[in-house]
K.L.:
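What follows is a single structure, and I will ask about it in a moment.
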Amino acid sequence: MNSRQKGKRGELEWAAVCRQHGYDCRRTAQYCGNTGDAADVVGLKGVHQEVKRVERLNLSDAMSQASRDAKPLEIPIVAHRRNNEGWMVTMKAEHWFNLYRAWEVEQP
């Protein structure tokens with residue numbers, strides 16, 4: 001399988017995972033064509049989703065791409081997985097701590 005097909009399949013897989021969790025996400029190119037939105041998958045408000053479906057991922061490069069392509073005030077994430085492994089999400093520590101603080105406030 002060539003890398004473009006694998007990338008497309010990964011984007012479709014990640015969008016399906018998002019939908020399984022109750023979020024109406026779609027692959028950008030599949031859903032609305034050339035919109036100027038650089039995200040691979042759209043549907044999580046305020047989150048720029050970069051999707052990587054590769055065996056060897058340079059996380060620094062992928063996170064740099066997500067950060068560079070994110071719109072102002074969007075949280076850049078990299079959703080990624082290798083063959084025979086589950087999906088993982090990588091984000092900057094500052095964004096993770098903001099999410100954790102928001103969760104913490106909701107706890108009894």
Side-chain angles (χ1 to χ4, degrees):
M1 174 182 307
N2 72 34
S3 61
R4 178 172 279 176
Q5 288 175 326
K6 190 170 185 177
K8 176 181 174 181
R9 191 175 81 199
E11 292 164 5
L12 292 170
E13 286 176 19
W14 175 246
V17 169
C18 293
R19 288 192 303 275
Q20 289 169 359
H21 287 274
Y23 297 96
D24 187 23
C25 291
R26 298 282 181 260
R27 181 173 176 258
T28 307
Q30 173 189 5
Y31 182 60
C32 48
N34 187 6
T35 63
D37 193 334
D40 292 331
V41 173
V42 295
L44 296 178
K45 184 178 178 180
V47 177
H48 176 88
Q49 302 176 76
E50 189 66 38
V51 180
K52 301 295 183 186
R53 180 71 172 78
V54 295
E55 291 303 298
R56 294 184 182 198
L57 175 61
N58 183 325
L59 274 174
S60 290
D61 286 352
M63 196 69 230
S64 291
Q65 179 183 357
S67 296
R68 181 179 59 250
D69 292 347
K71 294 175 184 170
L73 303 179
E74 280 186 325
I75 296 171
I77 66 152
V78 179
H80 53 98
R81 86 174 188 92
R82 295 193 291 193
N83 291 339
N84 304 310
E85 293 186 11
W87 283 97
M88 296 172 43
V89 174
T90 298
M91 63 189 340
K92 293 180 178 180
E94 65 186 274
H95 296 129
W96 185 86
F97 281 111
N98 288 338
L99 289 174
Y100 185 78
R101 281 187 195 96
W103 173 83
E104 198 173 33
V105 167
E106 299 295 321
Q107 299 310 301

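As the structure is a computational prediction, the values presented were derived from the model and not from experiment.
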K.L.:
List the residues meeting side chain to side chain donor-acceptor pair (under 3.5 Å) with Asn84, not counting sequence neighbours, and say none if there are none.
P.N.:
none

K.L.:
Hey, any chance Met88 and Leu44 share a hydrophobic cluster, counting ILVMFWY side chains that come within less than 4.5 Å of each other, even indirectly?
P.N.:
no

K.L.:
If you measure from NE2 on His95 to NZ on Lys92, what distance do you get to the nearest 0.5 Å?
P.N.:
6.0 Å

K.L.:
Determine whether a donor-acceptor pair (N or O, by modelled atom type, separation under 3.5 Å) exists between the side chain of Arg26 and the backbone of Ala15.
P.N.:
no

K.L.:
Roughly how far, to the nearest 0.5 Å, is CD1 of Ile77 from CE of Met63?
P.N.:
8.0 Å

K.L.:
What distance do Ile75 atom CD1 and Lys45 atom NZ have between them, rounded to the nearest 0.5 Å?
P.N.:
12.5 Å

K.L.:
When the ring planes of Tyr100 and Trp103 are compared, do they come out parallel, tilted or perpendicular, using 30° and 60° as the limits?
P.N.:
tilted

K.L.:
What pairs meet the salt bridge (charged side-chain N to carboxylate O under 4.0 Å, His left out) rule with one or both residues in residues 77-86, with sequence neighbours excluded?
P.N.:
Glu13-Arg81, Arg82-Glu85

K.L.:
Got a sec, which pairs hit ring pair (Phe, Tyr, Trp, His ring centres under 6.0 Å) with one end in residues 54-91, sequence neighbours left out?
P.N.:
Trp14-Trp87

K.L.:
Let's go through Lys8 and Arg53 carefully: what are the C-alpha distance in whole Å and the side-chain angles of both, what is the deciding distance for side chain to side chain contact (heavy atoms under 4.5 Å, CB included) to 0.1 Å, and is it a yes or a no?
P.N.:
CA-CA 9 Å; Lys8 176 181 174 181; Arg53 180 71 172 78; over 6 Å; no

K.L.:
Salt bridge check, Glu11 against Arg9: does any charged N sit closer than 4.0 Å to a carboxylate O?
P.N.:
no

K.L.:
Provide the closest heavy-atom pair for Ala66 versus Glu50 in the form atom of the first, atom of the second, distance.
P.N.:
CB-CB, 3.8 Å

K.L.:
Would you name the heavy atoms of Asn83 and Lys6 that are closest together and state the gap between them?
P.N.:
OD1-NZ, 3.6 Å

K.L.:
Is Val17 reachable from Val78 through a run of hydrophobic residues whose side-chain heavy atoms are each under 4.5 Å from the next?
P.N.:
no

K.L.:
Take Tyr23 and Arg19 through the side chain to side chain contact (heavy atoms under 4.5 Å, CB included) test and state the conclusion after the steps.
P.N.:
CA-CA 5 Å; Tyr23 297 96; Arg19 288 192 303 275; over 6 Å; no

K.L.:
Can you tell me how far apart CG (Asp40) and OG1 (Thr28) are? Round to the nearest 0.5 Å.
P.N.:
6.5 Å

K.L.:
Please report the closest heavy-atom contact between Val41 and Gln49, naming both atoms and the distance.
P.N.:
O-NE2, 3.2 Å

K.L.:
Under 4.5 Å between side-chain heavy atoms, counting indirect links through other Ile/Leu/Val/Met/Phe/Trp/Tyr residues: same cluster for Trp96 and Val89 or not?
P.N.:
yes

K.L.:
Rounded at 0.5 Å granularity, tell me how far SG in Cys25 sits from CG in Leu12.
P.N.:
12.5 Å

